[in-house]
Amino acid sequence: MAVTKAKKQLLQVFDRPGFTWVDIAKPSPEALDQLRDRFPYFLDIDLRDCLPPFQRPKLLPREKYLFMVLLFPVFNAASRTIESAELDLFIGPDFVISNHTGELKTLADLVDCFEGKKAVCAVEEISNPANWIHAALSGLLISCFPMLTHISNDIATLESALFKESDGNTVREILRVKNNIVDFRKIMQGHKHIEGGPTRR
């Protein structure tokens, strides 16, 4: 008799009394199939939007949940550039599902809190979707401040170096910092007017 191999669980599920958080740190069709099995009323169009390419920030009210897409800046230390990371959220009366590609340290820290790896976290205070969203978005916002400080420091360094170099390095650095400022603004300004509407696909 053939032995059926058990499917690998691709969802991190944290159950609390009256509240469940499901985290997907590496979205894939297989992970989203498991999510569909658990929440069969999620619309296919929303599940497809959890895979690349990036979506614009938006909030879509559905019959049994809200679907939200947010973008946050992340600093690529190798290229020293600011890049965009997407966070998709399914929000219901007693659950939150987060979908992301793993670059957002705030989400990794929250996972560590729920797994008991961080003693400083007050997980008992996260007892419903509103608490979770407040904790996650507060952490994500705070994570932007070091990038802004880094950009300000880069500008100050370039200002002092501008008239001291003649080999072109300063000009290239100015272009890099300018691009980081533009990218940071582009990523964040879409949240000012989040609205519902059809997806791009």
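In this text, all values refer to a predicted model and were calculated from it rather than measured experimentally. Position 1 is the first residue of the sequence; numbering continues from there.
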field: Steps toward side-chain contact (heavy atoms from CB on, under 4.5 Å) verdict (Gln12, Val111)
entry: CA-CA 9 Å; Gln12 282 191 287; Val111 167; 3.7 Å; yes
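- Asp112 contributes atom CG, which lies 8.0 Å from atom NZ of Lys105 (distance to the nearest 0.5 angstrom).
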task: Apply side-chain contact (heavy atoms from CB on, under 4.5 Å) to Val74 and Ile82, showing your working.
output: CA-CA 6 Å; Val74 292; Ile82 288 176; over 6 Å; no
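- For the side chain to side chain donor-acceptor pair (under 3.5 Å) test, residues two or more places apart in sequence or in another chain that qualify with Arg80 are Glu173.
- You'll find the side chain of Asp46 reaches within 4.5 Å of the side chain of Tyr65, heavy atoms only.
- In this structure, OG on Ser79 lies 5.0 Å from CD on Glu83, to the nearest 0.5 angstrom.
- Counting heavy atoms from C-beta outward, Arg48 and Leu32 have side chains that stay 4.5 Å or more apart.
- Not a single donor-acceptor pair under 3.5 Å links the side chain of Glu115 to the backbone N or O of Phe14.
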- prompt: Going through the distances and angles, do Leu107 and Leu140 end up as a side-chain contact (heavy atoms from CB on, under 4.5 Å)?
  reply: CA-CA 8 Å; Leu107 275 294; Leu140 288 164; 4.2 Å; yes
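- Note that CG of Leu137 and OG1 of Thr106 are 9.5 Å apart. Values are rounded to the nearest 0.5 Å.
- With sequence neighbours left out, the side chain to side chain donor-acceptor pair (under 3.5 Å) criterion links Asp88 to Asn99.
- The only member of Phe39, Phe19, Trp132, Trp21 that meets side-chain contact (heavy atoms from CB on, under 4.5 Å) when paired with Phe95 is Phe39.
- Residues Glu86 and Leu104 approach most closely at O-CD1, 4.4 Å, considering heavy atoms.
- Between Phe72 and Leu87, some side-chain heavy-atom pair lies under the 4.5 Å cut-off.
- Atom SG of residue Cys50 and atom CD1 of residue Ile45 lie 11.5 Å apart, to the nearest 0.5 angstrom.
- The heavy-atom pair separating Gln9 from Leu11 by the smallest distance is OE1-N, 3.1 Å.
- Residues Val22 and Arg38 have side chains in contact (heavy-atom distance under 4.5 Å, counting atoms from C-beta outward).
- In this structure the side chain of Ile91 never reaches within 4.5 angstrom of the side chain of Phe67, judged on heavy atoms.
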task: Could you give me the CA-CA distance, side-chain angles and deciding distance for Leu47 and Arg36, then say whether side-chain contact (heavy atoms from CB on, under 4.5 Å) is met?
output: CA-CA 8 Å; Leu47 292 167; Arg36 183 187 288 107; 3.5 Å; yes
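- Side-chain atoms of Ser98 and Asp23 include a donor-acceptor pair closer than 3.5 Å.
- Nearest heavy-atom pair, His100 versus Pro27, reported as atom, atom and distance to 0.1 Å: O-CD, 3.0 Å.
- The minimum heavy-atom distance between Pro73 and Met147, with the atom names listed, is O-CE, 3.1 Å.
- Taking all atoms of both residues into account, the shortest heavy-atom contact from Pro57 to Leu71 is CD-CD1, 4.0 Å.
- Looking at Asn128 and Asn131, their side chains do bring a donor and an acceptor atom within 3.5 Å of each other.
- For the atom pair CD of Glu30 and CG of Asp33, the computed distance is 7.0 Å after rounding to the nearest 0.5 Å.
- The SG atom of Cys144 sits 9.0 Å away from the CD1 atom of Ile187 when rounded to the nearest 0.5 Å.
- Between Ile151 and Val177 the shortest side-chain heavy-atom distance falls below 4.5 Å.
- Within the 4.5 Å cutoff, the side chain of Phe75 has heavy atoms near those of the His150 side chain.
- Ser28 approaches Leu10 most closely through the heavy-atom pair OG-CD1, 4.1 Å.
- Using a 4.5 Å cut-off on side-chain heavy atoms (C-beta onward), Asp49 and Lys58 make contact.
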